[in-house]
Student: 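One structure is given below, represented as structure tokens, and several questions about it will come after.
Since the structure is predicted, the reported quantities are computational estimates derived from the model, not experimental observations. So that the names make sense, note that chain A is the first sequence line, chain B the second, and so on, each numbered from 1.
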2 protein chains.
Amino acid sequence: MATLNDVAAVAGVSPTTVSRVINNYGSLSEKTKTKVFAAMRELNYAPNNLARSLSGKKTQLVGLIFPSVSNPFFGELVATLENTLFAAGYKTILCNSANNADKERAYLRMLAANQVDGIITSTHNLGITEYQKIALPIVAFDRNLAPTIPIVSSDNYQGGRIAAEALVSQGCRHIVMLVSSAETPEPTNDRQRAYADVLQQHHLTPQVTPLGFTTDVSVKRLTIRTLLQDDPTIDGVFCSDDLTALLVLEEAEQLGRKVPADLKIIGYDGTPFMQAYHPELATIQQPFNALGQLLIATLTACIDGRPPKVLAPLPVQLRPGRTLTLDWA
Amino acid sequence: MATLNDVAAVAGVSPTTVSRVINNYGSLSEKTKTKVFAAMRELNYAPNNLARSLSGKKTQLVGLIFPSVSNPFFGELVATLENTLFAAGYKTILCNSANNADKERAYLRMLAANQVDGIITSTHNLGITEYQKIALPIVAFDRNLAPTIPIVSSDNYQGGRIAAEALVSQGCRHIVMLVSSAETPEPTNDRQRAYADVLQQHHLTPQVTPLGFTTDVSVKRLTIRTLLQDDPTIDGVFCSDDLTALLVLEEAEQLGRKVPADLKIIGYDGTPFMQAYHPELATIQQPFNALGQLLIATLTACIDGRPPKVLAPLPVQLRPGRTLTLDWA
DNA sequence: TAAAAATTGTCAAGCGCTTGACAATTCATC
DNA sequence: GATGAATTGTCAAGCGCTTGACAATTTTTA
């Protein structure tokens with residue numbers, strides 16, 4: 001690897017001048033700049049970022065801690081984030097936490113050791129104190145990590161409300177909600193709260209079924225199938241994510257339940273992927289790009305020491321589909 | 001951030017001793033080790049990886065260049081890779097090249113500047129010479145980058161063959177193949193070659209329809225719909241990826257074609273995601289985990305200077321589903 | 001208890017770059 | 001051709017760590 005000194009030698013200037021060119025400071029004539037750039041090209045030179053960062057420059061590295069990009073939801077979000085970060089001159093270190101506390105801890109240490117400029121995270125398995133120890137800019141997606149850590153999210157309560165009301169308005173009387181975990185302090189639980197509120201307002205009984213965090217889909221399928229089989233009165237299902245809604249749709253149709261006539265289904269997230277490949281699924285659409293932009297904007301604000309303003313949840317939107325059409329006939 | 005010197009001070013030992021503990025060399029008593037570890041914990045110390053790498057240590061960074069993790073196929077692959085890399089002590093820098101040559105070039109420069117130990121890539125928009133300039137261990141997934149760069153892939157020819165034969169054996173006589181791009185020098189084109197060979201052996205006429213690299217699904221949908229509408233004799237479709245197969249299935253059913261009675265469909269890839277959420281789709285299943293393991297094993301071999309043995313393509317497997325059942329009645 | 005072995009300390013150079021201070025050179029201007 | 005401004009060079013310290021050489025100290029062993 002060519003070094004700055006090599007470039008200087010080839011360009012016939014001093015190392016300091018090369019550094020001046022790289023960092024664009026001091027006064028420089030066009031002629032020298034050209035010479036230096038030519039030498040860089042000739043040597044295929046790239047400044048050693050380790051050395052640059054060691055001597056004070058920012059690393060321009062950002063850590064992304066998400067459960068797993070194998071989940072299309074996070075895959076799409078991470079893709080958006082990476083694109084935006086790249087455009088802003090940042091590099092992305094990917095961390096799939098797998099909802100594993102030890103791994104998450106290891107990732108935080110590692111990111112600190114690598115001197116990242118900031119972290120965006122969407123997992124939460126560690127205690128608040130562990131996050132407060134991190135002396136790094138952090139932004140959370142849909143998680144309460146610590147009082148000091150800004151949260152970017154969309155309006156989960158509103159989303160839950162819209163979904164529940166849609167089901168009720170279309171005549172559902174026995175509406176079940178499927179979630180991963182019934183009790184968490186996370187913002188996403190607002191969906192569940194809203195669902196319960198709406199049903200109670202309509203004098204209906206909320207019924208929340210937790211499916212757990214298992215990645216084994218067959219287990220989920222079985223739970224869903226059993227639920228539907230055991231209770232033929234169920235006429236509406238609200239899932240806290242689209243993939244689960246997909247399973248409900250498939251299982252319901254296999255059981256001979258007519259969707260949406262007998263059973264109406266609505267999911268949550270509405271990623272571009274779902275929109276493209278499963279437009280039949282009604283869902284609550286999160287503002288995907290806006291969330292990505294806001295996450296990055298908030299993080300860069302923290303990095304640059306600008307106070308992150310209080311963040312309002314972004315609005316969500318009902319996207320109807322075959323599984324829940326909106327007829328006001 | 002605490003430094004090595006701070007740790008030394010707290011532990012009451014010399015900086016050199018702390019370094020010895022970190023790197024586990026020289027002779028050290030258990031007592032000092034304990035003291036030093038205690039001091040590290042107390043200060044929440046993490047060695048500065050920039051400094052370590054600058055003074056000769058490897059960075060333990062690996063760059064992953066893939067079109068985009070928003071595509072579930074790459075999302076799952078990248079997740080596997082990241083997990084395996086993490087287990088092996090490597091950190092992952094994620095690069096979504098978006099099939100964009102400029103971006104890919106920028107990524108390569110960036111990764112070099114960050115002194116990554118190696119690169120795994122699955123895009124190919126740059127010239128061979130540009131890859132040969134990179135003086136870094138590189139492993140390619142399913143791409144011909146340069147003669148010197150090892151390729152990990154599964155057996156594309158075999159996969160194409162199995163798919164085509166399955167369709168033929170089930171009575172299809174007018175079999176269309178949908179690909180992204182008809183002419184590429186990539187290994188994935190072997191699927192198409194095999195398809196053509198099989199059809200010719202059976203005195204059938206191959207018909208390859210390219211859909212392009214567009215990410216706009218509605219365009220693809222339209223092309224597919226038109227294709228099916230214009231030619232009712234089509235009774236078999238082989239798609240070079242599962243997502244396209246999904247579109248064919250949806251469009252076909254909307255057009256009233258009975259699947260699999262009137263039209264049989266087979267996709268390609270067979271990711272865990274598809275297996276879980278679309279078991280109805282027949283497909284050629286790539287050995288997902290094996291590919292991931294082999295990619296990493298090959299890369300680490302290159303990094304450690306061990307000669308990468310010639311790599312045989314891994315075997316693929318037919319996974320039947322409702323869209324193409326295997327009845328030999 | 002002396003000699004050998006193990007442990008720890010001191011010192012210094014170096015990884016590649018940035019940055020400030022200051023000197024030397026070139027340039028434009030009147 | 002002198003004056004001040006712009007440009008470039010020289011020099012050195014430092015970022016945090018590693019590593020080798022060697023000295024000083026402690027522990028172990030015979």
Student: Using a heavy-atom cut-off of under 4.0 Å over every strand shown, decide if Leu28(B) touches base, sugar-phosphate, or nothing.
Tutor: sugar-phosphate

Student: When we call it a touch if two heavy atoms are under 4.0 Å apart, what does Ser29(A) touch: a base, just sugar-phosphate, or nothing?
Tutor: sugar-phosphate

Student: Ignoring the backbone of Ser55(A), work out which of dT8(C), dC17(C), dT8(D) is nearest its side chain.
Tutor: dC17(C)

Student: Using heavy-atom distances to pick each residue's nearest nucleotide on DNA chain D, tell me which of Leu50(B) and Lys31(B) is more 5'.
Tutor: Leu50(B)

Student: The side chain of Thr3(B) is closest to which nucleotide in this list: dA21(C), dG16(D), dT19(D)?
Tutor: dG16(D)

Student: Could you check whether Pro15(B) gets within reach of a base, just the sugar-phosphate, or nothing at all, counting any heavy atom under 4.0 Å?
Tutor: nothing

Student: Relative to each other, are the rings of Phe66(B) and Phe74(B) parallel, tilted or perpendicular (30° and 60° limits)?
Tutor: tilted

Student: For dG9(C), does either OP1 or OP2 sit under 4.0 Å from a side-chain N or O belonging to Thr17(B)?
Tutor: yes

Student: In terms of the angle between their ring planes, are Phe273(B) and Phe273(A) parallel, tilted or perpendicular, with boundaries placed at 30° and 60°?
Tutor: perpendicular

Student: Under 4.0 Å between a side-chain N/O of Thr16(A) and OP1 or OP2 of dT8(D), yes or no?
Tutor: no

Student: Kindly point out which of dG16(D), dG16(C), dT18(C) is positioned nearest to the side chain of Lys57(A)?
Tutor: dT18(C)

Student: Under the criterion side-chain contact (heavy atoms from CB on, under 4.5 Å), which of Ile119(A), Thr84(A), Val139(A) is the partner of Leu299(A)?
Tutor: Val139(A)

Student: For Thr59(B) and Gln115(B), test the side chains for any donor-to-acceptor distance below 3.5 angstrom and give the result as yes or no.
Tutor: no

Student: Distance check: side-chain N/O of Ser27(A) vs OP1/OP2 of dT7(D), anything under 4.0 Å?
Tutor: yes

Student: Looking at dT8(D), dT19(D), dA21(D), which one has an atom nearest to any side-chain atom of Asn23(B)?
Tutor: dT19(D)

